[in-house]
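To keep things clear, I will list the structure first and then write my remarks on it.
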Amino acid sequence: MSSLPPGQQLVARDKWPLVGERAAASERAVWTVEVTGQVAQPRVWTLDELQRLPAVERTIDIHCVTRWSKLNVTWRGVLLASLLEHVQPVSAARFVSFVAHSQRGHSSSLRLEDALRLETMLAWQADGAPLAATHGGPLRSVTAGRYFYKSVKWVRSIELLDSDRLGYWEAEAGYHNEADPWRQQRYLAARLSKQQAARLLAARDFRELDLLGIQAAGRELAGLRAERALLRNADFRDARLDQATFDGANLSNAHFQRSSLKNASFVGADLEGANFEEADLSSARFTGASLFGATFTATPDSEGSSGGARFDKATQIDLAALDQLTDQQAEYVRAQLRSVGRL
Ligand SMILES: Nc1nc2c(c(=O)[nH]1)N[C@H]1C(S)=C(S)[C@@H](COP(=O)(O)O)O[C@H]1N2
Ligand SMILES: [Mo]
């Protein structure tokens, strides 16, 4: 039985957003996967060889940390456990890191016992079709019961480790290393001290800074400069942000409920999973922003807020980007744009 963890929204059945890297580092004539590290018998498999191991099918839900979910995807592949039978992990093996054949050497890790309990698999098919290259084909790891950043696209090596090595997003973006969607383990706590935060808020200049999870709820921040700042999970609820500029900023999962954003600018910003319930978006600009999983009106599990964002005829938002929203959210935004004569 599938169901939706707290704070998640369903994408339409035929939609599967792309997140993170879009392609493997380069073509490989023969796809291989090596299993190394804390094992008695390191080993390399070609994709062909892997596909001759006992295959399994598992129906697994995708939950992205940026709040979209896609339920009941049927994956075909081989269990990590089957590979490990051949390589014989030694007793020091406590973590497993999946490494991608990708430009930035992307990786993500799990506790070995969790990876096995959650039946982590290496999949080459999704819903009966070969896994698309953009989604990690020919081979990606898939772990149920964790945010999808724990499922690595284009896996080329699996390393068993005696101590953990943080993955790309976990080390670079403050993503939570446990990643349990039922406990909403999305981000680490903010790394800023209260004093640092107070100084930045007074100066109203966040440009290019990494301010993961900054607490700015209820603040007077009109005219804030935040171009290209890293503001994942920032809390701007009830804040006054008229004329603020967030162009090119990363605001995934940022909280803007009830904030005043008149004339604010989000050009080219990453707003995946951001929440604008009851925010005033009059004359705000969203051109070129990424909106997957963004919220503009209350969802069934919204906390305390009931209304939707306000738009006016000067609010700039790409109609094509509305396809990135869930049906419920897209309907709401279209109805608002119609009511102000924009559609
Ligand atoms: N190699 C690689 N794997 C990756 C990523 C990435 O950027 N590179 N992003 C992760 C994140 S954050 C998510 S949500 C999923 C997205 O998978 P999809 O693009 O198939 O939806 O892949 C995960 N695995
Ligand atoms: Mo993600």
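As the structure lists them, so they are numbered: ligands from 1, and atoms in each ligand from 1. Numbers for residues simply follow the sequence, beginning at 1.
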Qualifying salt bridge (charged side-chain N to carboxylate O under 4.0 Å, His left out) pairs, either residue in residues 330-343, two or more places apart: Asp323-Arg334
Aromatic plane relationship, Phe266 with Phe246 - under 30° parallel, 30 to 60° tilted, over 60° perpendicular: parallel
Whether His106 and Tyr168 hold their rings parallel, tilted or perpendicular, with breakpoints at 30° and 60°: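 It falls in the tilted class, 30° to 60°.
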side-chain hydrogen bond (donor to acceptor under 3.5 Å, both in side chains) contacts in which one or both residues fall within residues 86-98, not counting sequence neighbours: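 Every pair satisfying side-chain hydrogen bond (donor to acceptor under 3.5 Å, both in side chains) with a residue in residues 86-98: Ser97-Arg165.
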Within the 4.0 Å heavy-atom sphere of ligand 1, strictly under, residues: Trp16, Pro17, Leu18, Val19, Gly20, Glu21, Cys64, Trp68, Ala100, Arg104, His106, His135, Arg140, Phe148, Tyr149, Ser151, Val152, Lys153, Trp154, Trp169
For Trp16, ring-ring contact (aromatic ring centres under 6.0 Å, His included) partners two or more places apart: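 ring-ring contact (aromatic ring centres under 6.0 Å, His included) check on Trp16 returns Trp75, His135.
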Trp169 six-ring centre to Arg104 NZ/CZ under 6.0 Å and within 45° of normal: yes
